[in-house]
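Quick notes on the structure that follows.
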There are 2 protein chains.
Amino acid sequence: MSEKVTIYDIAEKLNITAATVSRALNNNPKIKEATRELVIKTAAAMNYKQNKLALALKSGRSNNIGVIVPRIDSNFFASVIRGIEEELYPHGYQVIICQTHESIKRENENLHTLVDAQVDGIMMSVTGISDENDSAFRNVLEKNVPLIFFDRSKHIDGVSSVTINDFKGGYLATKHLIDEGCRNIAHFSGDQSLDIFKNRFLGYKQALLDSGLDFKEEYVIYTKSSVDAGKDAVDKLLQLETPPDAIFSSSDFAALGAIQELKERNISIPSEFCVAGFSNEPFTKFMELSITSVDQSPLEMGRMSARVFLEQVDKTDTIKIEKKVVLAPELHIRKSSTRTNF
Amino acid sequence: MSEKVTIYDIAEKLNITAATVSRALNNNPKIKEATRELVIKTAAAMNYKQNKLALALKSGRSNNIGVIVPRIDSNFFASVIRGIEEELYPHGYQVIICQTHESIKRENENLHTLVDAQVDGIMMSVTGISDENDSAFRNVLEKNVPLIFFDRSKHIDGVSSVTINDFKGGYLATKHLIDEGCRNIAHFSGDQSLDIFKNRFLGYKQALLDSGLDFKEEYVIYTKSSVDAGKDAVDKLLQLETPPDAIFSSSDFAALGAIQELKERNISIPSEFCVAGFSNEPFTKFMELSITSVDQSPLEMGRMSARVFLEQVDKTDTIKIEKKVVLAPELHIRKSSTRTNF
DNA sequence: ATGTTTTATGTAATCGATTACACGAAAGTA
DNA sequence: TACTTTCGTGTAATCGATTACATAAAACAT
């Protein structure tokens, strides 16, 4: 069918050289106006499309950026990606998606593949299982590819990051539970080698101390981010000598599991027991017993990551800019923790 | 820092030519074993990485595929993309994401951008607003880029598709409501210029007729896929002379809105009124009053789309294969429509 | 020893664009 | 008129890989 049209085809038809065609199409000032118009008209007539691969090879810029996330089918990550895509679209960048499924091996593979594919930048949320081998990250930086962490970040020189203030998020949620009258507040945490979980935990702890409440080690449960994990965790907590009367969960899914388990045991929420989650997943709002949760403004996080990338991408390679953006978390107070005004 | 290493650098170091290096790295049989080993070792030592852009330009294949969806932050589309990515990962393809936000203009732009970027294939869910201008699609096909529609499909020669049997989905849900004793079943539909909504509607209608129930035009409401739209629709329906006693909604979000509005009016579900949705969004399962919904197996849809692409991509350009895969919908019966066993 | 086949490697074109440099023609200057 | 600029275009290198073709060397046959 329609074979690919190149600038050589246009040149041949007009009896000029490809260089002239290229200049005409690129608005090079040193070209006769008549020639420019003729070339542009002919190019359109022949349905010419610039071959982006040739351009990419020549210029060394692919106009692709890579995004690595644990998985795409979670509202949080999907929303971040949406923000990235929307911010980058007007600048002509395409977004390549990679999933790690929480595997370090996969994460390293993805990093290498993206660098090999000559992406102009990489934005990612690092995967949970920590190892001290930063070689894949350093490889990216050595190739002068801007690297930006969002949400789940690691401390690596030369890497910018866009996160939320997880400490504050944890603090706000816990303080709110205290204000509602809860006195024995448990916490669901995640892999604390990740800053996000560490900081949410620290915010939780600080809120307790600031209010003169004891911090109890046995109230901290490490759960996966799943409904079942939340159920199991409640099961454990209720076997304690002094069972808690509230949970601040680092995961909305675990919070949901907790609520389901509590209901099953006829513990009424919020009068006997309050629950707050983290991430503001859509379902927390939809439930009849809507769930209090900390919003991470994923859309804004994606947009901001893209903006940080755009700032870095055109800077001279020698100067390493390292920007740390911290967004404010927002507590959405809902029925699962509101004793006062319902 | 570490400047890019090319096969020429390796050749120079070993006093051979780039051609030999290339052959050694590509397991070309006509190369001395000793040379091959030496080249491979040296390449590794120099941290050589093949430049995929150069390869892409030479071979005409970018190893990128494009995916166009209305938006990425919906569980359905994100899950389809997950399926596509997982299936294509072992084959070395990267997935480029584009969003249309339901805009035809954006859809056409995306199609052109992807073709210009030399993707090896495009998978997409067409956007709602129908127009009869297929030129952007034809442009893709003329460039011999495999095009595959998933879920929301259009009738265009040469385009394969992976959909579910929406008729059956509509039929199953409606039949179930009838079996639960509902006699006046309303339907929330979407833009019926899209086959998916048309077919769900037809399935609904057929189920009514097969059970000897009347089809009433005023029971069909065209809603957007949102909670508020569902509320408004219920408001309309309850003003009818004979208000319905059930709703089969083409959207889970509208179904949720309907439930919220019905509760507000103290109409009890499922005893007085039953509701079934479509898509099996995660929240339908999470609700205390869980919502009956038709599952579209998005993961499998994505996987299947990828497989259809893989089948087509290596075929000779001249033969146009057009494959239509139709997956079976699965009705998940939950509390919002179950009068019998709860 | 001579001719033939095989093997391993080099040469150079190619993919499709951009661009430094060269150069002839036109325009401007004295 | 002769000399310098300016203008517009052509020539050819370049980005980094692959590969058809050529060729020298080695292996083999007689």
Side-chain angles (χ1 to χ4, degrees), chain A residues 2-40 42-43 46-64 92 115-120 143-144 317, chain B residues 2-40 42-43 46-64 92 115-120 143-144 317:
Chain A
S2 95
E3 283 317 307
K4 308 236 160 123
V5 180
T6 72
I7 54 172
Y8 296 95
D9 300 324
I10 301 175
E12 194 176 7
K13 169 160 264 175
L14 296 179
N15 256 324
I16 55 179
T17 60
T20 305
V21 174
S22 172
R23 281 188 279 251
L25 294 173
N26 286 289
N27 286 318
N28 188 309
K30 40 176 54 180
I31 205 96
K32 214 200 301 181
E33 195 52 40
T35 313
R36 183 198 314 288
E37 281 167 18
L38 181 62
V39 168
I40 290 177
T42 312
M46 295 175 75
N47 194 27
Y48 166 76
K49 290 287 161 54
Q50 190 190 46
N51 185 323
K52 291 289 182 2
L53 290 179
L55 180 59
L57 175 59
K58 188 67 172 65
S59 66
R61 329 177 79 250
S62 65
N63 276 291
N64 290 148
V115 171
D116 293 353
Q118 314 283 123
V119 293
D120 297 341
K143 297 268 163 48
N144 281 315
D317 317 18
Chain B
S2 96
E3 283 318 306
K4 309 238 159 117
V5 179
T6 71
I7 53 172
Y8 296 95
D9 300 324
I10 300 174
E12 194 176 9
K13 171 160 263 176
L14 296 179
N15 257 322
I16 54 178
T17 60
T20 305
V21 175
S22 172
R23 281 188 279 249
L25 294 172
N26 287 289
N27 286 318
N28 187 310
K30 40 174 56 181
I31 206 94
K32 215 200 302 177
E33 195 51 42
T35 314
R36 184 198 313 289
E37 280 167 20
L38 181 63
V39 168
I40 289 177
T42 313
M46 296 175 74
N47 195 27
Y48 165 76
K49 290 288 161 55
Q50 190 189 46
N51 185 323
K52 290 291 182 1
L53 289 179
L55 181 59
L57 175 60
K58 188 67 172 65
S59 67
R61 331 177 78 250
S62 65
N63 276 290
N64 290 148
V115 171
D116 292 355
Q118 313 283 125
V119 293
D120 297 341
K143 297 269 163 45
N144 281 315
D317 318 17

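A note on names: the letters A, B, ... follow the listed sequences, proteins ahead of strands, and every chain is numbered from 1.
Atoms CG and CD1, on Asn26(B) and Ile7(B) in that order, are 9.0 Å from each other to the nearest 0.5 Å. The CG atom of Leu53(B) lies 13.5 Å from the NZ atom of Lys52(A); values are rounded to the nearest 0.5 Å. Distance CG/Asn15(B) to OG1/Thr20(B): 11.5 Å, rounded to 0.5 Å. With rounding to the nearest 0.5 Å, the separation of CD1 in Ile31(A) from CG in Leu25(A) is 9.5 Å. Atom CD of Gln118(A) and atom CD of Gln50(B) lie 10.0 Å apart (nearest 0.5 Å).
With a 4.5 Å cut-off on side-chain heavy atoms, Val39(A) and Leu14(A) count as touching. Put simply, the side chain of Lys4(B) does not reach to within 4.5 Å of the side chain of Asp9(B), judged on heavy atoms.
Here the closest heavy-atom approach between residue Ile10(B) and residue Ala43(B) is recorded as CD1-CB, 3.7 Å.
Asn26(A) comes within 4.0 angstrom of the backbone, heavy atoms only, and of no base. Within the nucleic acid shown, Lys52(A) has no heavy atom closer than 4.0 Å to any nucleic acid atom. Within the 4.0 angstrom heavy-atom criterion, only backbone atoms of the sugar-phosphate kind lie near Leu55(A); the bases stay farther away.
With a cutoff of under 4.0 Å to any heavy atom of chain B, the contacted region of DNA chain D is bounded 5' to 3' by dG16(D) to dA20(D).
Each of Val119(B), Val115(B), Asp116(B) was checked for a side chain to side chain contact (heavy atoms under 4.5 Å, CB included) with Lys143(B), and the lone residue meeting it is Val115(B).
Annotation for Lys49(B): atom NZ counts as buried by contact number, over 12 foreign heavy atoms lying within 6.0 Å.
Contact check of residues 29-39 of chain B against DNA chain C (heavy atom, cut-off under 4.0 Å) returns Lys30(B), Ile31(B), Lys32(B), Thr35(B). Residues from residues 9-22 of chain A lying near DNA chain C, meaning a heavy-atom separation below 4.0 Å, are Ala19(A), Ser22(A) in numerical order.
Toward the 5' end of DNA chain D, the nearer of the two residues Val5(B) and Lys58(A), judged by each one's closest nucleotide, is Lys58(A).
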